[in-house]
Every structure is written in C-alpha cells, then in structure tokens.
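Sequential numbering from 1 along the given sequence is applied to the chain's residues. These numbers come from a predicted model, not from an experiment.
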Amino acid sequence: MTNLDLSLLTDLDPDRLPDGQLRPLLRAVLNLVETLVAEVQTLGAENQQLRDEINRLKGEQGRPTFKPKGPPSGGTDYSSERERRQAQTWQKGSKLDRISIDRVERLAVNRATLPPDAVYKGIEPVVIQDLVLRTDTVRFEREVWYSPALGRSYRAPLPPGYEGEFGPGLKALALALAYGANVSEGKLLELFRQAGVVVSSGWLATLLSGDPGGLAAEARAVEQAGLASSPWQHSDTTGTTVDGEAWHCHLLGNALFTVYRTLPTKNRLAVLELLGGGGPLSYRWDAVADEYLDWVGVSPGARRRLAVVPRDQALTETTLTTLLDALRPWVGPQQRAWFREALALAAYQAQTDWPVVQTLLCDDAAQYRLVTEELALCWVHEGRHYAKLIAHVPLHRQLLAAFQDDFWAYYRELLAYRERPTPGEATRLEQRFDELFGRTTGFTLLDQRIALTREKQAGLLLVLKHPELPLHNNPAELAARRRVRKRDVSFGPRSPAGVKAWDTLMTLAATTQQLGVSFVAYLQDRLTKVHRIPPLADLIRERAATLNLGASWATS
C-alpha cells in the first residue's frame with residue numbers, strides 16, 4: 001500500500017513549481033513523507049517482533065522466516081565494488097613459470113601401432129599437477145651408549161621437528177590447514193584418521209594451542225619490522241570470543257604484514273596496547289597528556305587533585321592505579337579513565353623501544369581519535385553510509401543516486417591523483433570536495449549525511465598530503481573477515497595459550513601470504529630448523545626499502 005501511494009509522487013519536483021514560495025513547503029512535505037514511511041516500516045518490524053515474542057512466551061511459534069533464493073538483493077548489499085571498479089583489459093596469464101617440476105616421466109608410443117612411414121618428431125611436454133596425501137611413518141633406531149663411570153646413557157638425537165610422536169610434515173599441515181585455511185579441529189582429526197594416521201584429539205588440541213618452533217618470537221619480530229616499514233598503518237577490529245566471553249580482535253598492518261591481537265576491550269587503551277607491541281602499558285604525564293586532557297575536557301579542579309601524580313617520568317600500571325585509587329572520593333570514574341588514557345598516549349609517543357605509528361588509516365570509530373598525529377579515514381567506509389540510506393520518495397531516490405555517482409566519480413579522481421600527485425591538483429581536489437560536500441539537495445536525510453562527511457574532510461583528504469596512503473581500509477577489513485571465518489568454524493580460543501596461538505599463527509599466515517611465501521613451506525622450514533626461508537622480518541625490511549611507503553612523511 002505504501003509503494004502504491006508513493007508512486008503518485010513520481011513526477012513531483014519542487015523546482016518545477018512556478019510559485020517560489022511553495023517550493024520549500026513541498027520539500028518539507030516530501031521529507032515528512034520520507035520520515036513517516038521510515039517510521040511506519042520500523043514500527044511494523046518492531047510490532048512483528050513483539051508479536052513473535054508474545055507467541056513464544058505462550059508456547060507457540062513466531063512468524064516463520066522465508067529466506068529468498070539466491071544472493072541478497074536491494075538495500076541489504078552495501079558493497080561499492082561496482083562503483084569503484086575501473087574497466088581493465090583481461091588476459092589469461094601463463095602459470096607454467098610458477099610450477100616446480102618434481103619428476104619427469106617419458107611416455108613412449110607403442111611402435112607396433114605406428115604406420116611404416118612414421119617419423120619421430122621429438123617431445124611434446126604436458127605438465128600435470130597432483131598432490132599426494134599419504135603416511136610417512138618412520139621407525140628411528142637410535143643408538144644408545146652407556147657410561148658406567150658416569151652412570152649416564154647417551155642416545156642419538158631425533159632429527160629436528162620429530163619430537164612428540166609426529167613429524168614436521170604432519171604438524172605443518174595441521175597448522176597450515178587450521179590457521180591458513182580455517183579448517184576446524186574436528187575436521188582435521190577426521191582427515192588425518194582417514195589418511196591412516198593414528199592421532200588423538202588431545203595431541204591435536206595441544207599442537208594448535210601451543211607455540212611449536214618458537215613462532216611467537218618471529219611473529220613479534222614481524223610486527224616490529226612491519227611497524228618500522230611505514231609511518232602509516234591500517235587498523236580495524238572485529239568481535240571474537242575467548243572461553244565463551246566477548247573479546248575483540250584488533251588488526252594492524254600494511255602491504256607487507258598483518259598482525260592479529262586479541263584483547264578484552266576495543267577502547268583507546270586497547271588500541272595503544274596494539275600499537276605498542278602488546279606488552280604492559282606504561283604511563284607518563286607530560287605536555288602530550290595535557291593536550292589530550294584539554295581535548296576531552298577534564299576540569300581544572302580535577303587536574304589539581306591529579307597533581308599528586310608525578311610528571312615527566314614513566315609509571316607502571318600498579319603505581320598509577322594506586323595513585324588514582326586514592327583519589328576516588330574526589331575524582332570521578334570518567335575523569336580517571338580520561339587521565340589514564342592521556343598518560344598511556346603520552347608514554348607511547350615518548351618511548352623509543354617500539355616504532356611509533358604516525359598515521360592510522362581506519363574507520364571513524366572514537367577509539368582511534370588522537371592516538372596518532374594524523375588520522376586517515378576510509379572512503380569505502382564513508383560510501384557505505386550513503387548505500388545504507390533508504391529513499392522512499394521517487395525524487396529522493398533520484399537525488400541519492402545522483403549524489404552517489406558524484407561521490408564515486410570524485411573517488412576516482414583521488415585515485416588518479418595518487419598516481420600523479422601535483423600541488424595544483426591537490427588544490428583543485430580540495431576545492432572540489434568543498435563543492436561536492438557543501439551542496440544541499442533538499443532531501444533532509446541525504447543532506448545530514450553530506451554534512452557529516454564534510455566534518456571529516458581532514459581525514460578523508462589526508463591523501464592529498466600523503467599520496468602513498470590508500471583510499472580505503474580494505475586490507476584490514478579483509479584481515480578481519482579472515483578472523484570472522486576462523487571464528488565461525490572454530491568459535492574461539494579457550495585459554496591464554498590459545499589466544500596467543502591464534503594471534504601468532506594468524507599473523508604468520510597472513511604475512512607469509514603478503515610476502516609471497518608458502519605458509520606450509522614456512523612452517524616445515526621452521527619446524528625442521530633448516531631455515532632456508534629467511535626471517536620474515538628481514539623480508540619485510542627488504543621490501544620496505546624498495547616500496548618506500550613513507551616518502552611524503554620524510555619530506556614533510
């Protein structure tokens with residue numbers, strides 16, 4: 001019924017009214033219609049939910065949900081891939097240069113089937129790829145020597161990686177499938193047993209939640225080298241569970257690495273812990289902390305009370321907590337929280353043991369603000385807000401569609417600028433931003449959204465100052481999606497050791513992929529201790545020197 005009524009407004013355009021005094025009135029009416037239709041739909045959905053809940057409380061069933069066949073359509077798809085995609089000529093590439101030949105087998109023609117005049121013309125190569133999954137159970141016969149004088153036995157050592165009943169091939173495959181391909185522990189157990197391996201669920205659980213080969217140390221080295229490789233980093237967060245409780249997985253990285261860190265919260269202190277390498281937070285009251293306290297608006301009276309905290313020196317968590325607990329009767333919980341954030345931020349920026357991130361590329365979540373000197377915002381995330389707008393009035397649908405076309409056209413102009421940045425083009429694009437996001441369409445919801453985008457100008461246009469910055473945060477969002485897939489299959493870790501294993505191995509799985517290193521080969525290399533694959537941190541440093549991800553920061 002609503003759609004039928006709104007169809008009468010198809011040709012209604014206030015700008016075509018001859019009476020100028022009626023135009024604002026008609027625009028107000030159309031916006032009121034938009035608001036009322038949205039409220040009716042919202043109330044209808046809430047009313048149905050209440051009815052379903054009442055029926056369930058009565059012991060009956062709610063309204064059944066009929067899911068449409070095929071992919072979701074309409075307003076549920078907020079992807080901007082179609083708008084951002086640029087036409088490119090596609091050509092099928094050769095893959096033979098990427099295939100390693102393991103063996104060569106000569107195939108001969110049965111000469112008895114050949115005619116008498118057949119002439120040999122050489123060899124025709126045909127490359128076939130295959131994968132063999134079979135057991136390789138070995139019985140080691142270790143020499144044992146005994147010294148009566150010392151009362152001690154001497155045994156020949158097992159090869160590296162063969163400790164604990166199972167070899168490095170099985171361990172590497174288990175870790176790669178669990179953390180690289182998101183295969184569940186139960187399915188891994190099923191696969192190994194079907195392949196003929198006698199393995200227990202307890203052994204597999206211990207392997208997947210442990211630190212085989214000391215991989216946690218390399219993951220930490222990866223993070224340190226990755227942070228040093230560029231003054232800017234992507235970041236995002238996604239929900240996860242630890243032993244059934246709600247935690248948060250934080251993502252950090254750039255084109256060369258990705259770090260996963262699971263923490264109980266996603267507030268500003270958690271972001272600082274992420275940036276600081278995951279160690280215990282330190283605190284320091286200095287000028288940087290004062291600026292933060294000014295920004296959040298801590299009162300002068302509270303600051304006088306807080307003066308018992310010493311300035312310009314490093315404080316531990318225990319020391320600061322003791323000092324703040326003594327101020328509970330006079331300083332409120334929110335002001336104590338702000339003060340803690342201010343001192344943690346100042347300590348992070350003052351320390352020299354860990355690379356300090358100068359610019360974060362992320363969404364506009366509050367916990368990222370003021371953590372780094374500059375904050376770059378994601379254009380794809382911003383465009384998603386417009387994709388979520390629902391226009392019911394035909395005129396408003398036209399206005400929204402036209403603005404979205406202009407939005408993505410401007411996005412493509414920014415992409416072109418990144419390829420050939422010039423001061424003149426930066427000035428033009430800044431003026432173009434003011435024109436695009438300074439317009440008024442007459443569709444109230446759209447105009448409110450445009451105004452919100454205009455307030456983010458500094459973060460959205462930071463690319464004009466630093467052309468190396470991507471225009472979107474897709475790498476971090478894709479990394480978060482990988483954690484979501486892992487969570488959907490394996491739920492979540494259940495212990496501190498499991499949390500560390502998930503973060504370590506997902507970090508290494510993502511980073512090896514970014515560096516073009518086989519995750520399976522990397523795991524086998526580390527478990528067998530042959531170290532033919534260089535440290536990943538060294539590879540990151542080598543690639544960073546080639547890519548030069550921070551040229552504009554070095555010259556600014």
Side-chain angles (χ1 to χ4, degrees), residues 2-17 19-46 72-85 363-366 376-415 428-461 463 471-473:
T2 301
N3 291 335
L4 179 62
D5 293 338
L6 293 178
S7 66
L8 301 175
L9 306 176
T10 301
D11 298 326
L12 198 56
D13 187 348
D15 291 333
R16 291 190 293 198
L17 288 179
D19 189 345
Q21 294 181 346
L22 292 178
R23 292 171 192 166
L25 178 61
L26 182 55
R27 288 194 184 93
V29 170
L30 291 177
N31 281 298
L32 179 60
V33 169
E34 195 79 60
T35 302
L36 292 176
V37 171
E39 288 183 358
V40 167
Q41 292 182 346
T42 301
L43 291 173
E46 291 179 354
S73 59
T76 59
D77 184 8
Y78 303 126
S79 172
S80 59
E81 185 66 25
R82 179 179 58 83
E83 292 86 349
R84 293 185 289 116
R85 181 181 298 142
D363 57 31
D364 56 349
L377 297 180
C378 173
W379 277 91
V380 172
H381 186 272
E382 193 63 27
R384 203 171 295 148
H385 292 305
Y386 294 93
K388 291 180 179 180
L389 277 181
I390 299 177
H392 302 90
V393 175
L395 173 63
H396 293 167
R397 283 199 294 269
Q398 296 172 11
L399 293 172
L400 177 58
F403 183 83
Q404 286 179 295
D405 289 342
D406 291 342
F407 182 98
W408 293 113
Y410 182 71
Y411 174 87
R412 286 187 286 274
E413 291 182 50
L414 290 174
L415 285 177
R428 186 192 72 79
L429 287 170
E430 194 166 2
Q431 294 172 349
R432 176 80 177 106
F433 184 96
D434 293 335
E435 295 170 2
L436 178 60
F437 297 100
R439 69 173 59 170
T440 301
T441 65
F443 176 17
T444 300
L445 294 179
L446 176 58
D447 291 341
Q448 291 172 349
R449 185 71 255 167
I450 292 173
L452 291 174
T453 300
R454 187 168 61 249
E455 293 175 0
K456 305 172 188 176
Q457 180 174 2
L460 290 170
L461 291 188
V463 66
L471 294 179
H472 55 71
N473 199 33

Nearest 0.5 angstrom please: [X] [atom1] to [Y] [atom2], how far?
X	Y	atom1	atom2	answer
W408	Y386	CH2	OH	10.5 Å
H385	T453	NE2	OG1	7.0 Å
L415	H472	CG	NE2	7.5 Å
L389	L399	CG	CG	12.0 Å
L446	T440	CG	OG1	10.0 Å
E435	D406	CD	CG	11.0 Å

Self-check item: Residues E382 and R449 bridged, charged N to O under 4.0 Å
Solution: yes

Practice problem: Anything under 30° is parallel, anything over 60° is perpendicular, the rest tilted; go ahead and classify F407 against F403. | Solution: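 Tilted, since the angle between the ring planes falls between 30° and 60°.
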
Practice problem: Classify the ring geometry between Y410 and F437 as parallel (under 30°), tilted (30 to 60°) or perpendicular (over 60°). | Solution: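 Answer is perpendicular, since the angle exceeds 60°.
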
Tell me the closest heavy-atom pair linking [X] and [Y], and the distance in Å.
X	Y	value
V463	L460	CG1-O, 4.1 Å
H396	G442	NE2-O, 4.4 Å
R397	H392	NH1-O, 2.8 Å
C378	N473	SG-N, 3.1 Å
F443	I390	CZ-O, 4.5 Å

Quiz prompt | Check: L429 and L461 side chains under 4.5 Å, non-hydrogen atoms | solution = no

